[in-house]
Amino acid sequence: MPPQRMPVKQGKPKNVKATIARLFSYLRQDTLRLIVVGICVIGNTAATLIGSYMLRPIINNYIAPENGQGSVSGLFMGLARMAVVYLVAIVFNYMQSRIMISISQKAIAKLRNDLFGKMQKLPIRFFDTNSTGDLMSRYTNDVDSIGEMMNNTMVQMISGMITLVGTFCIMLYTNIWLTIVTVLMVPIMIKAVGFVGGRSRKYYTAQQAAIGKLNGNIEEVISGQKVVKVFNHEAMAIDDFGKLNYDLRDKQINAQFFGGIMGPVMGNLSQISYSLVAAVGGILCVARGFDVGGLSIFVNYSRQFSRPINEISNQVNTIFSALAGAERVFSIMDLEPEPVFGDIPAEDKSPTDKLIHKLENVEGEIVLQNVTFGYNPDKTILKNITLYARKGQKIAFVGSTGAGKTTITNLINRFYEIQEGRITIDTIDIRNIDKDELRRNIALVLQDTHLFTGTVMENIRYGRLDATDEEVIQAAKIANAHSFIMHLSDGYNTMLEGDGSNLSQGQRQLLNIARAALSRAPILILDEATSSVDTRTEKNIQEGMDRLMSTRTTFVIAHRLSTIRNSKAIIVLEHGRVIERGTHEQLLDQKGRYYQLYTGAIELS
């Protein structure tokens, strides 16, 4: 299975219609309120058009009548009626904005939920092959750009189209010749929008991808500041950041330039259209008796006719930024989720194989039979591995870095699917077990600790959410964490933030071990679980760990060979193969690889 990387999009969206339709599907949950918004848009547009047309009789009857006698009272009455119409337009405009913001934010919240929910269903391979910062930008830059489009742009486009049609009809009714002059400018405007918009779309898409890369770099460098400083690589980090930053700058310059000139270009074309209409209209007034009021409202409508085109062109930045962001979001949501059950090749299937949705009374007997696996198809990590662990046994893995120790534990959890062979729990192929049910029966303590924002009590309870406070405290005692917890400012109610930055590395690991102790899982995996604990603390918790492991099948990966002496079996791995297996004493008697490691003749690397 190839790594699930998101492609970096540099061209225009592959399928604009499908992306827009998919975004609209998030708005359909509020169909009734959308209809109300539509009514408000129509009401606002109609009132605005009617208000503009009311100026014609006011001019012709009260300001510049044919008999030359104006009327102040008639003028005020006409202006009052026009003010009422515009007030109605304002009310409709307020209602449409208020309701649409509520609808769009509800849709954005659902989009974020769907994105986060989908990420929880993706395999570990996905997170191993994609930058955390780039993934975070999906929730921030990309979703925010979609929200901006839903909040304003969509309503403006609908209003613009209605205004365009209504204005054209009124212009046609007012004067057909001036309408022809106005319409002749439309193809030029459309051509300008297409020319500038096409380039703007390309650069905005590239800008979104560049933002993701920059965010990824920032996240990596900030989280790895200790490594950067200890190796004096600040200059290199600045240089790498500068390259990504300047790349983003160049793409933003292009995107903002083509997006920014859209308004002035359309504004100048609109002014040219306005001037032509005014000139031709003036001639018609002198030569053909066209009324002054008609000319006054027509030049206003001619400007309104180009205004929707201007508004749409000015929203090109938002539209293309939102479409680029939407495609990046949907690119994740379209990825294949982690399969509930694994795919067993026909040649490896057993007649007794069946899908298991719930495991009951798990003994914890684990067998790896002829397992071959590689993270990439062209590079095999494990080569025909066969080993077993009986109920309650403690099995230790020893070997150089890259020998395949952690890979075996990853496969038992089905973080990755094996390519050949079988892994069984109580004779059941793990690919036939619902993955959630499988992992519910496995407790895992990793070398890299991870604590969540919350209290100490809540972090330990993460191992079993229905555990009582007494059970949490008992688990902490087993892991020998109770003593230091009681010395914290608020004991078990002490708040942890920033991945437990207010604790030492050893204390954080003890909480991880307590979390595993709280779990009732019959299978326990300790991947360098005590590597961050000092020798004295390790000795103190060893008895507690032994009690924890006494009733569980346990796999231990450790560089400190002293911690695995009491293992039922020690398996020595090298280059993805099992080269030795036996108890501590048996392996010393063989005087092979383990003997050399234990006596210091060679060292783990």
Side-chain angles (χ1 to χ4, degrees), residues 1-11 14 112 114-143 205-206 208-224 227-228 237 240-241 243-244 247-248 324-343 371-382 401-420 430-431 435-436 438-439 444 446-450 499 525 527-528 576:
M1 181 179 179
Q4 298 195 53
R5 286 183 180 274
M6 276 82 65
V8 177
K9 304 178 188 302
Q10 298 296 341
K14 292 181 179 178
R112 284 198 189 97
D114 289 350
L115 177 60
F116 188 81
K118 184 55 181 279
M119 279 196 178
Q120 301 310 301
K121 297 178 181 178
L122 293 176
I124 291 294
R125 182 186 295 272
F126 168 81
F127 298 97
D128 286 345
T129 54
N130 289 286
S131 161
T132 301
D134 189 47
L135 296 181
M136 285 298 300
S137 72
R138 302 311 204 265
Y139 293 96
T140 52
N141 299 320
D142 295 330
V143 173
T205 304
Q208 292 299 106
I211 289 174
K213 287 183 179 179
L214 186 66
N215 286 343
N217 176 264
I218 293 171
E219 188 273 334
E220 288 178 353
V221 174
I222 290 178
S223 62
V227 178
V228 172
D240 291 342
F241 175 84
K243 291 177 182 177
L244 293 173
D247 177 62
L248 174 60
E327 282 205 340
R328 281 162 53 83
V329 170
F330 293 144
S331 69
I332 293 180
M333 296 172 66
D334 289 338
L335 293 175
E336 286 295 323
E338 189 175 22
V340 175
F341 297 101
D343 184 21
V371 171
T372 297
F373 171 79
Y375 293 101
N376 296 312
D378 57 342
K379 186 177 181 181
T380 302
I381 302 297
L382 299 180
T401 300
K405 306 182 297 297
T406 298
T407 298
I408 291 177
T409 61
N410 284 338
L411 296 180
I412 294 174
N413 279 283
R414 271 189 63 202
F415 290 152
Y416 295 85
E417 301 288 352
I418 61 175
Q419 282 131 14
E420 295 180 20
I430 62 172
R431 289 169 291 189
K435 64 174 177 57
D436 292 337
L438 170 69
R439 292 168 187 170
L444 179 64
L446 299 172
Q447 179 179 6
D448 297 325
T449 61
H450 185 80
D499 200 13
I525 296 176
D527 189 350
E528 299 287 355

Gap separating the CZ atom of Arg414 from the CD1 atom of Ile124, nearest 0.5 angstrom: 12.5 Å
Residue pair Gly212 / Ser137: nearest heavy atoms and the distance that separates them: CA-OG, 3.7 Å
Heavy-atom count around Met136 CE within 6.0 Å, excluding the residue itself: above 12? no
What closest approach, in Å, do Asn413 and Arg439 show between heavy atoms, and which atom pair accounts for it? O-NE, 2.9 Å
Check Arg125 with Glu336, please: is the shortest side-chain N to carboxylate O separation under 4.0 Å? no
Go through the side-chain N and O atoms of Tyr416 and Thr407 and say whether any donor and acceptor fall under 3.5 Å apart. no
Rounded at 0.5 Å granularity, tell me how far CZ in Phe415 sits from OG1 in Thr409. 8.0 Å
Rounded to the nearest 0.5 Å, what separates atom CG in Asp240 from atom CD in Glu220? 10.0 Å
What's the shortest heavy-atom distance between Lys435 and Pro339, and which atoms? CD-O, 3.4 Å
Less than 4.5 Å apart, side chain to side chain, heavy atoms only: is that true for Ile332 and Leu115? yes
Is a side-chain donor-acceptor pair under 3.5 Å present for Thr406 with Asp527? yes
How far apart are the C-alpha atoms of Phe127 and Leu135, what are their side-chain angles, what is the distance that settles it, and do they pass the side-chain contact (heavy atoms from CB on, under 4.5 Å) test? CA-CA 9 Å; Phe127 298 97; Leu135 296 181; 4.0 Å; yes
Please give me the minimum heavy-atom distance between Ile412 and Ile430, naming the atom from each residue. O-CD1, 3.9 Å
Could you go through the side-chain contact (heavy atoms from CB on, under 4.5 Å) check for Leu248 and Ile211 one step at a time? CA-CA 7 Å; Leu248 174 60; Ile211 289 174; 3.6 Å; yes
Might you point out which heavy atoms bring Ala237 and Val228 nearest each other, and give the distance in Å? CB-CG1, 4.3 Å
Measure the spacing between CD1 of Ile218 and CG of Leu244 and express it to the nearest 0.5 Å. 9.0 Å
Electrostatic pair Arg328:Asp134 at N-O distance under 4.0 angstrom: yes
With heavy-atom distances below 4.5 Å as the criterion, would you say the side chains of Glu338 and Leu122 are in contact? no
Would you mind reporting whether Leu382 and Ile408 have side-chain heavy atoms less than 4.5 Å apart? yes
Identify the heavy atoms of Gly216 and Ser131 that sit nearest to each other, and give their distance. CA-OG, 3.0 Å
State whether the number of non-hydrogen atoms from other residues, nucleotides or ligands found under 6.0 Å of Phe116 atom CZ is greater than 12. no
Glu327 and Arg138: CA distance, side-chain angles, deciding distance, salt bridge (charged side-chain N to carboxylate O under 4.0 Å, His left out) verdict: CA-CA 10 Å; Glu327 282 205 340; Arg138 302 311 204 265; over 6 Å; no
Minimum side-chain heavy-atom gap Asn410-Tyr375 below 4.5 Å: yes
If you round to the nearest 0.5 Å, how far is CZ of Phe373 from CD of Glu420? 12.5 Å
Starting at NZ of Lys213, measure out to NZ of Lys243 and round the result to the nearest 0.5 Å. 13.0 Å
